[in-house]
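Below is one structure, written out as structure tokens; comments come after it.
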Amino acid sequence: MSELKQLNRELLNSDFIFPKDLTVGKKNRYPVRVLQFGEGNFLRAFVDWMIDVLNSHDLFFGSISTVQPIDRGLVKLINEQDGLYTQFARGIQNGKVTEEKRLITSVKECINPYTNWIDVVSVIKQPEVRFIFSNTTEAGIAYKPEPLHSEKCQETFPAKLTSLLYERYKCFDGNNNKGFIIIPCELIAENGKTLKKYVLKYAEDWKLDKGFKAWIENANYFLSTLVDRIVPGYPANEVERIQDELGYNDKLIDTSEIFHLFVIECPEKLSAELLFTDAGLNVVWTDDMTPYRTQKVRFLNGAHTANVLGAFLGGLDTVGEMMDDEVFGKLVKHIVFNEIMPSLDMDKDIMMSYAGSVLERFKNPFIRHELISISLNSVSKWKVRVMPSLLDYCERNESLPKGIAFSLAALIAFYKGKKVEGKFLGERNEKNYLINDNSDVIDFFDEVWNSGKIDYKDIVEQILGNIDFWDQDLTQIDGLTEFVTSALKNIMVNGVISAIDKCQIM
């Protein structure tokens, strides 16, 4: 069976016979037109897939250089396969089972900026590069003071971007025709505006010349976006069968649902530079993405984040198992219809329709979405995706949404861990699981849980009162500290299932 690096040569020479149900991307290797921060499952099944579709329709003629945003990732695997990988979308469409397999050829390379920063700088200076995409998780678009390093990688993503934009500005003497269309895909409100704000802040910190700041303002577009596609990623439990069907080995197979939605808030003229809709892609160009974002973040992402940690602690491993479970299936529906929906001032029929579609997508029998993979950076996710529903529900109803409040207790229980050989590990059913989050979050939970005798109320007060986490003191919400404390104690003593019953959520 062929390896993909070998297959790339065969692909270019048209020597390999592919399965009939596999779509193969454009065989031409176009010049790099996209610099992308993030090489994970989501961007490869979303942006990289879309660019591949555009190329196949002769609507783009460009390839992608990806940058690993942290010091560990998929650089080695991506480059070993010459950027090739298989995107496998599956689901129910118009009542029929639908599967789409595509060999993605749009990715040229992946660069580790921590070891090869000069290569990233080289890409940013290429005149054909016009677009910058990113998905560095909700925690990625952040500001933290740091000095400018001209010859090595900055720490935060906005600082990296500022440094690279400055290199571009100098390379082309501030030519306004050499700016970028910058399209962040992180799931935070006004992601484009926020990223631009931090770029300008670093420019100010580093005392870069006024001409550069003017170039940022006049030559570059920072577009706010909303992305929507469930991407479980590598199908470890069925990879052998899939590779047998494909006829080649692929260590980067990326699975997703069929559904996709990309909402981009921008001036109308920019849509002519990325002809997504001409290629039949579900992309919305709009001057106001607020209603799209609110609906998606609250229902789809919020339902995920509010339920997966509790379900995982309850012994379940996938979203499908969670939806089929007698207790957690009911809890998901309760939170969606009785807590998230009453927190919103939107058309009820539209909300009912969208919420119903979300639950159907969660039940997609072809998607094995691991709960532990969704747990990445759960603190920042809970703040963005769930906390607004908590606050709005409390304001509208003058009472606590118990399911959402319980999710906060489950989060605290999930983050009970210990550092072992550089990893922060929790324990479930006498087996360890990896808790993945920013180092400051890990350090905080490590100190809270391991500083001495366990006092549940004290633990809850410290976490709810951490303004760095929530941008406010959640202990000020009437009854929240008491409820979360009781729920947390019940989880730790009696287990999640018993705790749900004792807390009388449903």
Side-chain angles (χ1 to χ4, degrees), residues 38 40 42 69-70 135-144 155-158 186-189 191 194 198 297-298 300-313 335 340 370-391 401 403-419 423-428 433-451 456 458-477 480-481 483-485 487-488 491-492 496:
F42 180 79
I70 56 178
N135 186 13
T136 56
T137 80
E138 286 91 329
I141 297 183
Y143 168 80
K144 184 164 63 175
E155 185 175 347
T156 69
F157 163 54
E186 291 83 355
L187 196 63
I188 64 170
N191 47 18
T194 303
Y198 292 153
V297 171
R298 296 285 190 102
L300 189 140
N301 300 109
H304 259 164
T305 301
N307 289 282
V308 296
L309 300 185
F312 178 81
L313 293 176
I335 290 177
I340 296 175
E370 299 283 344
L371 302 179
I372 195 66
S373 71
I374 303 173
S375 73
L376 172 69
N377 292 341
S378 282
V379 170
S380 59
K381 285 178 177 176
W382 197 93
K383 172 191 170 184
V384 171
R385 303 173 175 189
V386 185
M387 193 174 77
S389 294
L390 170 74
L391 298 176
I404 289 175
F406 185 85
S407 76
L408 192 48
L411 182 151
I412 296 171
F414 179 86
Y415 275 77
K416 183 181 186 300
K418 289 187 177 181
K419 290 184 178 179
K423 297 179 179 179
F424 193 52
L425 303 177
E427 184 177 303
R428 183 190 72 164
Y433 60 86
L434 179 64
I435 302 171
N436 246 324
D437 213 313
N438 288 346
S439 59
D440 55 339
V441 173
I442 295 299
D443 290 343
F444 180 81
F445 276 99
D446 182 42
E447 181 178 352
V448 166
W449 274 114
N450 301 304
S451 60
Y456 292 115
D458 179 60
I459 288 171
V460 170
E461 286 179 340
Q462 288 187 65
I463 294 168
L464 267 59
N466 189 332
I467 296 176
D468 290 338
F469 282 2
W470 322 117
D471 288 338
Q472 60 185 284
D473 183 353
L474 296 183
T475 66
Q476 299 303 304
I477 298 175
L480 183 62
T481 299
F483 181 90
V484 174
T485 300
L488 177 62
I491 291 172
M492 303 307 298
V496 175

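Annotation: side chain to side chain donor-acceptor pair (under 3.5 Å) contacts of Glu155 (sequence neighbours excluded): Lys144. Applying the salt bridge (Lys or Arg N to Asp or Glu O under 4.0 Å) criterion to Asp443, with sequence neighbours excluded, gives Lys419.
Not a single donor-acceptor pair under 3.5 Å links the side chain of Asp446 to the backbone N or O of Ile442. Not a single donor-acceptor pair under 3.5 Å links the side chain of Lys416 to the backbone N or O of Trp449.
If you take CD1 on Ile335 and CG on Asn307, they are separated by 4.0 Å, rounding to the nearest 0.5 Å. The line from CG of Asn466 to CG of Asp473 is 9.5 Å long, rounded to the nearest 0.5 Å. Taking CZ of Phe157 as the start and OH of Tyr198 as the end, the distance is 12.5 Å to the nearest 0.5 Å. Between atom CD1 of residue Ile412 and atom OG1 of residue Thr485 there is a gap of 7.5 Å, rounded to the nearest 0.5 Å. One finds the OG atom of Ser380 at 9.0 Å from the CH2 atom of Trp470 (value rounded to the nearest 0.5 Å). Taking CZ of Phe406 as the reference point, atom CG of Leu411 lies at 12.0 Å (rounded to 0.5 Å).
Summarising the geometry of Trp382 relative to Ser407, their closest heavy-atom pair is NE1-OG, 3.0 Å, with the distance given to 0.1 Å. Between Ser378 and Asp437 the shortest heavy-atom distance is N-OD2, 3.5 Å. For Tyr415 against Val441, the heavy-atom pair with the smallest separation is CE2-CG1, 4.0 Å.
Classified by interplanar angle (parallel below 30°, tilted 30° to 60°, perpendicular above 60°), the ring pair Phe312/Tyr433 is perpendicular.
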**OP:** Assess whether side chain to side chain contact (heavy atoms under 4.5 Å, CB included) is satisfied between Glu186 and Thr136, documenting all intermediate values.
**Re:** CA-CA 6 Å; Glu186 291 83 355; Thr136 56; 2.7 Å; yes
**OP:** Apply side chain to side chain contact (heavy atoms under 4.5 Å, CB included) to the pair Ile477 and Leu390, showing each step before the final yes or no.
**Re:** CA-CA 10 Å; Ile477 298 175; Leu390 170 74; 4.0 Å; yes
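A donor and an acceptor atom, one from each side chain of Thr481 and Glu461, are nowhere located under 3.5 Å apart.
Considering only heavy atoms from C-beta on, Lys418 comes within 4.5 Å of Asn450 through its side chain. When side chains are defined from C-beta on, Leu309 counts as touching Ser375, because their heavy atoms get closer than 4.5 Å.
A salt bridge between Lys383 and Asp471 is present, with a side-chain N of the basic residue lying under 4.0 Å from a carboxylate O of the acidic one.
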